[in-house]
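Take a look at the structure set out below.
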Amino acid sequence: MSAQIAARALTRGVGNLVLGVLALAALLCWPLLVDNVFYQRIGALVMLSALSASAWNLVGGYAGQISIGHVLFFGCGAYASLLGYTWFEWAPMVGAPVGIALSLLLATIVGTPTLRLKGHYFSMATIALAELARIIVVNSPVLGGGVGVSGPALPRSMADLSFISPVPYYYIFGGVLAVLLLFTWQMSRSRMGYYLRAIRGQERAARSLGVPAPRFKLYALLVSAGFTSLAGSLYATMVGFVDPDSGFGILLSVKMVIAAALGGAGTLFGPLVGAALLVPLEEFTNAMFGGGGTGITYVVYGAIIVFISRFAPGGLAEILTRLQAWRARRAG
């Protein structure tokens, strides 16, 4: 019996390895396998969405702190990049470190008091702060006001990262995502990862065992804010324009949450899986129905939230785990 169990475990391990290699090969070759610019652009947007959702996953998935105001950091990165060009004629990505530094400062100032809040109170506080930032930008002419700010109309050098094809953006976004996933994997196997999971499970019990919960929640928020800001800078560099709604709109935060929750919040590849499903859905509905497709997308988003809340709080990762357990029982 033990030999049979070991053989099954080995077979599952080999199968998972093969699937992982095939998935990696598909991700690397995707832009080279399709000639349609629309599909290539969808691939780049999937990588960008996965990057921002994976950044949110550090604090929302692993630490269990459901932030709905993460767009605050995304907007800081986007605006820092394009304002650097507007004010000083910098290449957009030169402003990215400024956006990251500002995001870390805001995360420290905002996170110290708000991370003491529990449950939906923390979520409501993050929404209020993100909306406050949007209102400030709308009413600040020096920040572009309601009109927004633009990047270079024409590429001046390679430093502008201005490409006609979406393929370079796909690989740039994918490279940054790979760095974030590697960091997340290392973190999940370190003391910080164990502490964050303990805090997510039962913070009071974790505190009673000596876990410094406030400090590690703040650590997770800082790292998450930095990568979210970088995602905003990359977005602004690709699009070349940002306004209060595209930089600080609360729906951007909602998309981060849904992408992570659909794939499996608190898992390594959950946000990537969620983004791979949600981004094509949004783009295809917009292409099919024009401006009216946006409303359909949000209806589907709402249905996804209801489904996850009711049947699979752990997202697709939980469903897959259930299927594997069912197959194991059938085989046994």
Side-chain angles (χ1 to χ4, degrees), residues 49 52-77 103-137 195-204 206-207 213-229 231-232 244-245 247-267 270-271 274-275 278 298 300-315 317-318:
S49 177
S52 57
S54 296
W56 178 91
N57 193 41
L58 289 170
V59 67
Y62 285 93
Q65 308 301 302
I66 309 301
S67 169
I68 312 295
H70 245 54
V71 71
L72 172 65
F73 311 122
F74 186 92
C76 284
S103 295
L104 295 178
L105 177 62
L106 289 175
T108 303
I109 296 173
V110 169
T112 301
T114 58
L115 285 171
R116 298 179 183 274
L117 301 174
K118 309 294 183 185
H120 58 277
Y121 294 106
F122 173 75
S123 300
M124 289 190 294
T126 59
I127 293 174
L129 292 168
E131 184 63 14
L132 176 62
R134 190 188 68 83
I135 292 173
I136 291 173
V137 171
Y195 280 176
L196 291 180
R197 284 191 287 269
I199 293 168
R200 180 187 63 190
Q202 182 53 259
E203 183 173 342
R204 182 174 297 180
R207 285 172 177 266
R215 191 202 323 165
F216 278 90
K217 287 194 292 185
L218 183 59
Y219 288 167
L221 180 61
L222 289 172
V223 178
S224 179
F227 275 103
T228 304
S229 177
D245 287 333
F248 289 97
I250 199 66
L251 285 176
L252 292 174
S253 288
V254 174
K255 291 179 183 179
M256 296 181 202
V257 176
I258 295 178
L262 176 60
T267 63
L278 290 181
Y298 295 145
V300 175
Y301 280 3
I304 291 172
I305 293 174
V306 172
F307 175 82
I308 293 174
S309 301
R310 175 63 181 85
F311 298 104
E318 179 179 336

Handout entry: Side-chain heavy-atom pair F122, I68 within 4.5 angstrom cut-off
Key = no
Handout entry: S224, S253, S229 screened by side chain to side chain donor-acceptor pair (under 3.5 Å) with H70, the one that passes
Key = S224
Fill in the blank from the handout: Between A130 and V71, the two heavy atoms sitting closest are CB-CG1, 3.8 Å
Practice task
Taking all heavy atoms of A213 and all of I199, pick out the closest pair and write down the distance.
Solution key: CA-CD1, 3.6 Å
Practice task
Answer yes or no: does atom CZ of R116 have more than 12 heavy-atom neighbours from other residues, nucleotides or ligands under 6.0 Å?
Solution key: no
Exercise for the section: Identify the two heavy atoms, one from I109 and one from P113, that lie closest to each other, and give their separation to 0.1 Å. Expected result: O-CD, 3.0 Å
Handout entry: Euclidean distance, L196 CG relative to E203 CD, rounded to 0.5 Å
Key = 10.5 Å
Problem - Spatial distance of atom CE (M256) from atom CZ (F73) [nearest 0.5 Å] - result: 10.0 Å
Problem - Set of residues satisfying side-chain contact (heavy atoms from CB on, under 4.5 Å) with respect to L132, sequence neighbours excluded - result: I136
Practice task
Please report the shortest heavy-atom distance between S67 and V257, naming the atom on each side.
Solution key: O-CG2, 3.8 Å
Problem - Pairwise distance CG(L115) to CD(Q65) - rounded to 0.5 angstrom - result: 6.0 Å
Completion exercise
Rounded to the nearest 0.5 angstrom, the OG1-CG distance for T228 and L252 is 11.5 Å
Practice task
For side chain to side chain contact (heavy atoms under 4.5 Å, CB included), just list the numbers for L129 and L106, CA-CA rounded to whole Å, side-chain angles, deciding distance to a tenth of an Å, and then say yes or no.
Solution key: CA-CA 10 Å; L129 292 168; L106 289 175; over 6 Å; no
Exercise for the section: Evaluate the criterion side chain to side chain contact (heavy atoms under 4.5 Å, CB included) for residue pair S49 and L278; output intermediate values, then yes/no. Expected result: CA-CA 9 Å; S49 177; L278 290 181; over 6 Å; no
Fill in the blank from the handout: Here the gap from I127 atom CD1 to L72 atom CG, rounded to the nearest 0.5 Å, amounts to 13.0 Å
Problem - Separation between CG of L221 and OH of Y219, rounded to the nearest 0.5 Å - result: 13.0 Å
Problem - Contacts of type side-chain hydrogen bond (donor to acceptor under 3.5 Å, both in side chains), residue R200, not counting sequence neighbours - result: none
Exercise for the section: Just jot down the ring-ring contact (aromatic ring centres under 6.0 Å, His included) partners of Y62, sequence neighbours excluded, or say none. Expected result: none
Completion exercise
On a heavy-atom basis, the closest approach of A125 and T114 is CB-CG2, 4.1 Å
